[in-house]
Structures are given as structure tokens and as C-alpha cells.
Amino acid sequence: MSSEGSPEAARPSNFIRDIIIADIAAGKNDGRVHTRFPPEPNGYLHIGHAKSICLNFGLASEFNGKCNLRFDDTNPSKEETEFVNSIMEDVRWLGFEWDALFYASDYFDQLYAWAVQLIKSGNAYVCDLTSDQVRATRGTTTEPGTASPYRDRTIEENLDLFGRMRAGEFPDGTRTLRTKIDMTSPNFNMRDPVMYRILHAHHHRTGDKWCIYPMYDYTHGESDSIEGITHSICTLEFEDHRPLYDWYVENLGIHHPQQIEFDRLNVSNTLLSKRKLLLLVQKGLVSGWDDPRMPTLSGLRRRGYTPEALRTFCANVGVSKTNGVIELGLLEHFLREDLNKRALRAMAILDPLKIVITNYPADLTEPMEAVNNPADESAGTRTVPFSQVIYIENDDFREVPPKKYYRLSPGTEVRLRYAYFITCQAVIKNEAGEIVEIHCTYDPASRGGNSPDGRKVKSTIHWVSAAHGVQIEARLYDQLLLETTGDETADSDFTSQLNPQSLVIPPNAIAEPSVATAAPGTKYQFERVGYFTVDPDSTPEKPVFNRTVQLRDTWAKIDKAQQP
RNA sequence: UCCCUGGUCGUCUAAUGGUAGGACAGCGGCCUUUGACGCCGUGAACAGUGGUUCGAAUCCAUUCCGGGGAGCCA
């Protein structure tokens, strides 16, 4: 009686999971699992963070452990409360709740005390070198660094100077507290790394209490240690920092969490550099951090992505140490899979072509019954008004149909979804030779779209009654960057790589009346067009829809392949 | 050049010395009142070279290729 797990429950194995399983088996940390998600509040979370969030929270819940949210707020010049709030909102939106909330700044006093301890044990010293001088004496990849002339100050002098640094006696940049490790280490991180720098800056939480701030390397391991973290999961670029992480917790003699590095998430056609995203916002090239074209969680949310789709995606991309790029198509696959289950169906026309049904009574309106979601019977049905003049999608008519074109063309018969079979009788053009409307006849026996005598049509197309349809603003999004790779373009000119078509709003879009009053966030599948989500800008007078993702389009592929 | 780290279908990933599997993408078909969804089928990979072994994607050596590293950023 083995129960079949759902696809999402079948967790792909990964090396971090294996480490944890082995640790539990070995009784390490008394079998405890405690992780943490440690963002710096200097920007909005993006899809890359989602992988880390899902990993940390997912591992904790899988092994009955805990996961903290901790803000790594050691650099006040970049951090803001706005960002901490958005990060909390986004983590919750993704579907996770932290066991405890901390800030690295909670530990500033403890960190200071430990720094004093390291000075007293002869492991740290105050250095008067400027940052340029430090750089010049750090050595190169092939040459060792040289010792700072201040390296052998007495403990008393170091204590005195460090105290005065804290007291605000020295201007920014004039001194640092450095760890005395090894200037000849092949690992630059071990060449007497800076622990504290002087920064007379207002901190979003500690205000003006401090004018010296601890560096990431000095802060992170100890913060993990204080919280009893067992597995400190971070991205690959911190591999070279691990010896230093280990050095601090060992020399302080405190709980030693294990740092494990995994590969950062990269998605094709997607910009995931926080700094570049910041630039887009600052330059006004997007409407904000939650612009639906942004890969931020708030942007994806507004665009219509669901947390479920994001979680399934993260669970399926794998965790390894390879620097890979996931195809955007995989994300879109899981998105469509989820949206297909939950989105209400409706009919909307992005690029309308007028159809007059010449044998249909001009004064008649019929309510046609349409199903709300074929994937979910409980979603029920609705009624869509039908009348003599309707709009169809311009793409659904060709005066000269190419091979394999099944839709409307002169003389052909198609089904109007949930309505009638119609046959194209005439193409009406203006003096310029442009098509202005199509005249069709309908078969009254085909009401509801049912084949009256068993005859087949090759195509079913969607429609909106001209007299009843509502004007909508449909915001059609495409990738933000022209190039196929995301982060490689030099920062200086990556903005020139922006896709001018990343947002297109067709001028005459129209939808069936039922969608007009939907609340922001409501998800629709406009049949045969794509998935759309009601934007917060929406009003009953002017409904606004964001195209979340297109439907797969086999015809577009055939059509393209047929082009000369 | 030095240190760290990694190379498995187009992409991502599994295998833990014993039949190279899955997902997405592709292709072909079935189904269809969405050219959607679904279903079925199919092509496609162990970076190279030596070695150890009855047996190597897996262990060893070496070559090649990629990623990261010299912030008082995280």
C-alpha cells in the first residue's frame, strides 16, 4: 500500500539534502536542522532569491527543523526599511513563514565584544592604512601580501584605538580593525581581512548608535552561530570565504555551523543583478520594482505568476555546483501548468476584426452558456451575450489562407466558441483596399456550437459581441532584454540592450463583459490568447490586464516554418 | 601566472563501482467546441587521454574547457 506521491512531493535529491541526511544519521547537532535565509535589505527579492528561500525553508520543513529570516544589515549606506518590508512580504507571499526573525544588527554589541576578545588574544589589530594602501599591500595572485606596519601594535594600543574608533574620534576610512591571519595565504580572504570599518552613517535600525560597522565575513558566521544554525547555505561565490567563516567561529570557540555553497539560479533572458535592477528603477526605465517586466517577486506577482508555480519551478531546477542557465521556458511551463488549473476562461480580442452576420436578427441578443474552467468543473458556467455584430481576432481571418490554415477565410465555415457555425460570404474593403469588415452567414441549427448534422469544422474561434464587449487595456509583455543572455552585458551600456517592445498595449482590445469588474490579481485565460491577471491599476471603467504568459501556439510555429 | 571550484542529451538534473534515467525544449501521432490542456511515441549525453578493476559517468593521473577570487560590498 505504498501511496503515490504527488509530483511536487517527489523531491529531487540534491547534494545538500544528502549532507543533511548524513549529518542526521551521524547524530551531528543532535539531529537538529536549522537553516536561515539571510538577505541584505538593499533591494527587492527576485526569482534568484526564490531558489534560496525554497531551499532553506524547504529543507527545514522536510527535516522537521527550523528556518530563520535574518537581515544581513551591516552596510547602512545601502539598506532601507522599505526593502526589509518588501522582503518579508515576498517571503510570505511565496508561502513561507520564518521560525524567528533576526537582524545582524541585533548582534552588534556581541560582535563588538568578540572583536575585543580577538584583540586581546592577539588576533586582531587596528590598522591605519588607507584602502588604497591596503590594496597595494595585499599582494597579487602570485605574490604574497606584505604586513601592515601597524600589525604589531600592542594589545593595549589596539584596545585603545578600537575604543576610540567606536567613540567616533576618527573620520571615515582612516582606520580599520583587521584580523591577524596570514598575509601570504593564497586565499586573499585570509590576508588580514578587515573586520570593522568606520562609517558615520545612519543605520535603518540602530540609528546613530554606531559609527563602526562589522564586515560581512566577520558577521555572518557568528550570526549563524548565535542562532544555532546547523547548515549555512549560500551561493558559490562564497566558497573562498569559507576558510574565514570557519576561522572566526573556531577562534571564538563558538558553535560551528557548516557553510555549504550551491549554484546561484540563472534564467535565460532574465536580468538578475540587483545593481542593474536598481538602475532600471532609478533611471525610470521600468515603472518600479514591481513593474511586471521585472524578475522581482513583486514584479512576477503583479505580472500574474503564482507562488505555487514558483515553488514547483524551484523544486525542479535542482541544486548543484554547476554554473548553469535555466531556460525561461521551464519556468513558463510550470506557470502554465498551474494557471491552467486555476484560471477562469473568458473571451477577449486583442486586435479586433468586425464581423457582421447578415442573416442574424439585428435586434436580437442571445445569452450563450460558456464553461469557466474545463479543468475545474466546480468553477461552473457563465453566460456570454451574442448578437449580430461581433469582433474576432484579426489573426483568425486570412483573405488568402496559407497551407494548413484552418480559421476563417472566404467561403470557409468555422465555429464561434459556444455560439454558432458561421461561413464567410464577403470581404468588405475601404477605398484604400483595407479590410474593414467581413460578412458572414450563420447556421441557426448550430446554436451553442453544436454540430447540427454531424458536419465538422476545422476551427473554433473566439469572439466578443460588439454591442456588449468592454474596452480593456491589455498590457502585453515581452522580455526586457534583447540579448539572449541575462547578466553578461557590461553595466555601462546594458540599458541599450532593452527591448523596445517589452511592453505593447494594443489600442482596441475588447473583452466579454463578465471580466469588467474583476478584482486585481484575478487570473484569466483569455481563450486562445494567453493568461492574464487583473492589474492593480484596473477600474470598472477601464479594466487593465497584464499578460502573464502566452499559450503555447502550434499554429504560430507552423506558420513561421512555412514562411519563405 | 596563483588559489578555490565545476564539466552527463539543446537546457537543467539523476546515478554514489554493476542496464546512463527524468523533466523542459524538439520532432511525429492521437484527442479536442481553445491549433490550449491531455495522452502516446521518438531522436538526443558521460569533455579528451592514460591507468586501477571482472566491471568506471563514478576511483587515480594528466590535458582541455568553464565559473569565482586581490571591496573599508554582501
Side-chain angles (χ1 to χ4, degrees), chain A residues 7 10 12-14 18 38-40 42 72-75 77-79 127 129-131 134-136 138-145 172-178 185-191 193-199 212-213 215-217 219-220 234-243 261 263-264 268 274-275 316-327 329-334 336-337 340-341 345 347 370-371 374-375 404-407 415-419 421 446 448-451 457-462 525-530 551-559:
Chain A
S13 84
N14 69 62
D18 294 344
E40 182 187 16
N42 66 344
D72 249 337
D73 54 351
T74 55
N75 184 359
S77 59
K78 290 181 169 180
E79 298 151 6
C127 180
L129 259 24
T130 64
S131 56
V134 169
R135 190 179 315 120
R138 189 155 17 227
T140 66
T141 51
T142 49
E143 301 157 32
D172 289 1
T174 53
R175 278 174 234 265
T176 57
L177 182 71
R178 291 228 256 163
S185 171
N187 182 344
F188 287 106
N189 294 303
M190 303 302 271
R191 321 245 261 224
V194 171
M195 291 166 66
Y196 273 90
R197 74 283 214 187
I198 301 172
L199 223 52
I212 59 172
Y213 290 93
M215 299 288 289
Y216 164 86
D217 282 310
T219 307
H220 204 86
C234 63
T235 42
L236 249 23
E237 70 268 26
F238 291 103
E239 275 177 323
D240 287 337
H241 295 241
R242 190 183 342 124
E261 309 86 11
D263 62 329
R264 176 185 290 285
S268 64
K274 249 191 194 178
R275 200 170 33 71
N316 281 276
V317 291
V319 179
S320 70
K321 292 171 90 90
T322 343
N323 304 93
V325 181
I326 309 281
E327 289 175 350
L330 186 65
L331 210 207
E332 293 183 333
H333 163 76
F334 290 117
R336 289 191 189 100
E337 184 179 76
N340 181 52
K341 286 182 286 192
R345 308 300 137 114
M347 293 194 286
V371 328
K404 297 198 179 168
Y405 187 85
Y406 302 152
R407 284 109 98 143
R415 174 190 294 112
L416 293 176
R417 180 94 157 138
Y418 300 126
F421 283 18
S446 63
N450 294 305
S451 178
V457 287
K458 277 184 161 173
S459 183
T460 300
I461 64 178
H462 59 107
Q525 183 200 97
F526 289 158
E527 293 202 34
R528 306 207 308 130
V529 176
L551 256 24
R552 280 178 52 122
D553 189 349
T554 303
W555 162 246
K557 241 184 270 180
I558 297 169
D559 194 30

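Below, read A as the first sequence line, B as the second, and so on, with proteins coming before strands; counting in each chain starts at 1. Just so it is clear, the structure is predicted and the values come from calculations on it, not from any experiment.
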**Request:** Could you give the distance separating B/G7 and B/U49 at their C1' atoms, to the nearest angstrom?
**Result:** 16 Å
**Asked** When all nucleic acid strands are considered with a 4.0 Å heavy-atom cut-off, which category describes A/Glu332: base, sugar-phosphate, or nothing?
**Response** nothing
**Gap between atom NE2 of A/His462 and atom OG1 of A/Thr460 - 0.5 Å precision** = 11.0 Å
**Phosphate contact (B/A15 OP1 or OP2) by A/Ser13 side-chain N/O below 4.0 Å** = yes
**Prompt:** Out of B/U34, B/U8, B/A14, which has the shortest distance to the side chain of A/Thr322?
**Reply:** B/U8
**Asked** Rounding to a whole Å, what distance do you find between A/Arg264:CZ and B/G6:C1'?
**Response** 16 Å
**Request:** Could you please spell out the steps behind the side-chain contact (heavy atoms from CB on, under 4.5 Å) verdict for A/Ile198 and A/Arg175?
**Result:** CA-CA 7 Å; A/Ile198 301 172; A/Arg175 278 174 234 265; 4.1 Å; yes
**RNA chain B: 5'-proximal contact among A/Leu416 and A/Asp263 (nearest heavy atom)** = A/Asp263
**Message:** Let's go through A/Leu236 and A/Asn323 carefully: what are the C-alpha distance in whole Å and the side-chain angles of both, what is the deciding distance for side-chain contact (heavy atoms from CB on, under 4.5 Å) to 0.1 Å, and is it a yes or a no?
**Reply:** CA-CA 9 Å; A/Leu236 249 23; A/Asn323 304 93; 3.8 Å; yes
**Prompt:** Mind checking whether A/Trp555 and A/Tyr405 have parallel, tilted or perpendicular rings, split at 30° and 60°?
**Reply:** perpendicular
**Asked** Just how far is it from atom CD of A/Glu79 to atom OG1 of A/Thr74, taken to the nearest 0.5 Å?
**Response** 6.0 Å
**Request:** Report yes if at least one side-chain N or O of A/Thr554 is closer than 4.0 Å to OP1 or OP2 of B/A36; otherwise report no.
**Result:** yes
**Sugar-phosphate, base or nothing in reach of A/Arg191, heavy atoms under 4.0 Å** = nothing
**Item:** Value in whole Å for how far the P atom of B/U32 lies from CG of A/Asn340
**Value:** 18 Å
**Item:** By salt bridge (Lys or Arg N to Asp or Glu O under 4.0 Å) - contacts of A/Lys321 (at least two apart)
**Value:** A/Glu239, A/Glu261
**Message:** Ignoring hydrogens and geometry beyond distance, is the side chain of A/Glu261 in donor-acceptor contact with the base of B/U5 at under 3.5 Å?
**Reply:** no
**Contact check, side chains of A/Leu416 and A/Ile461, non-hydrogen atoms, under 4.5 Å** = yes
**Prompt:** Looking for any heavy atom pair under 4.0 Å, which part of the strands does A/Val457 touch: base, sugar-phosphate only, or nothing?
**Reply:** nothing
**Request:** Only counting residues at least two apart or in another chain, list the ones meeting ring-ring contact (aromatic ring centres under 6.0 Å, His included) with A/His333.
**Result:** none
**Asked** C1' atom, B/C4 versus B/U11: distance in rounded Å?
**Response** 26 Å
**Request:** Find the distance A/Arg345:CZ to B/U32:P and express it as a whole number of Å.
**Result:** 18 Å
**Asked** For A/Ser185, which contact category applies under a 4.0 Å heavy-atom criterion: base, sugar-phosphate, or nothing?
**Response** nothing
**Item:** B/G26 and B/C60, which share atom name P, separated by this distance in whole Å
**Value:** 39 Å
**Asked** Taking the same atom, C1', in B/G55 and in B/C59, what whole-Å distance lies between them?
**Response** 13 Å
**Prompt:** Using a cut-off of 4.0 Å between protein heavy atoms and nucleotide atoms, how would you tag nucleotides 20-27 of chain B 5' to 3' with B, S and -?
**Reply:** ----SSSS
**Prompt:** Rounding to the closest angstrom, what is the interatomic distance between B/A20 and B/A56 at atom P?
**Reply:** 12 Å
**Message:** Over all strands shown, is A/Tyr405 touching base, sugar-phosphate only, or nothing at heavy-atom distances under 4.0 angstrom?
**Reply:** base
**Asked** Given the P atoms of B/C9 and B/A14, what is the spacing between them in whole Å?
**Response** 13 Å
**Fill in**
Sorted by chain and number, sequence neighbours left out, salt bridge (Lys or Arg N to Asp or Glu O under 4.0 Å) with A/Asp217 holds for none
**Message:** Reading 5' to 3' and counting Watson-Crick or G-U wobble pairs with both distances under 3.5 Å, write the dot-bracket notation for RNA chain B, | for bases paired outside the strand.
**Reply:** .((((((..((((....[..)))).(((((.......)))))....(((((..]....))))))))))).....
**Asked** So which one's nearest nucleotide on RNA chain B is more toward 5', A/Lys404 or A/Ile326?
**Response** A/Ile326
**Request:** Determine the interatomic distance between C1' on B/U53 and the same-named atom on B/G68; round to the nearest Å.
**Result:** 36 Å
**Item:** Parallel, tilted or perpendicular, as decided by the 30° and 60° cut-offs, for the rings of A/His220 and A/Tyr216
**Value:** tilted
**Asked** Could you give the NZ-to-C1' distance, from A/Lys458 to B/U32, as a whole number of Å?
**Response** 15 Å
**Prompt:** How far does the P atom of B/G21 sit from the matching atom of B/A47, given to the nearest Å?
**Reply:** 16 Å
**Message:** Can you tell me how far apart CG (A/Asn42) and NZ (A/Lys78) are? Round to the nearest 0.5 Å.
**Reply:** 6.0 Å
**Message:** Rounded to whole Å, please give me the gap between CD1 in A/Ile558 and P in B/G35.
**Reply:** 11 Å
**Prompt:** Can you tell me how far the CG atom of A/Asp263 sits from the CG atom of A/Asn14, to the nearest 0.5 Å?
**Reply:** 10.0 Å
**Request:** Find the distance A/Trp555:CH2 to B/U32:C1' and express it as a whole number of Å.
**Result:** 18 Å
**Prompt:** If the sugar-phosphate is the primed atoms plus P, OP1 and OP2 and the base is the rest, what is the B/S/- string for nucleotides 68-74 of chain B, using protein heavy atoms under 4.0 Å?
**Reply:** BBBSBBB
**Item:** OG1 on A/Thr219 to OH on A/Tyr213, rounded to 0.5 Å
**Value:** 12.0 Å
**Request:** Measure the CG-OG distance between A/Asp172 and A/Ser131 for me, rounded to the nearest 0.5 Å.
**Result:** 11.5 Å
**Item:** Syn-anti status, with the boundary at 90° from 0, for the nucleotide B/G71
**Value:** syn
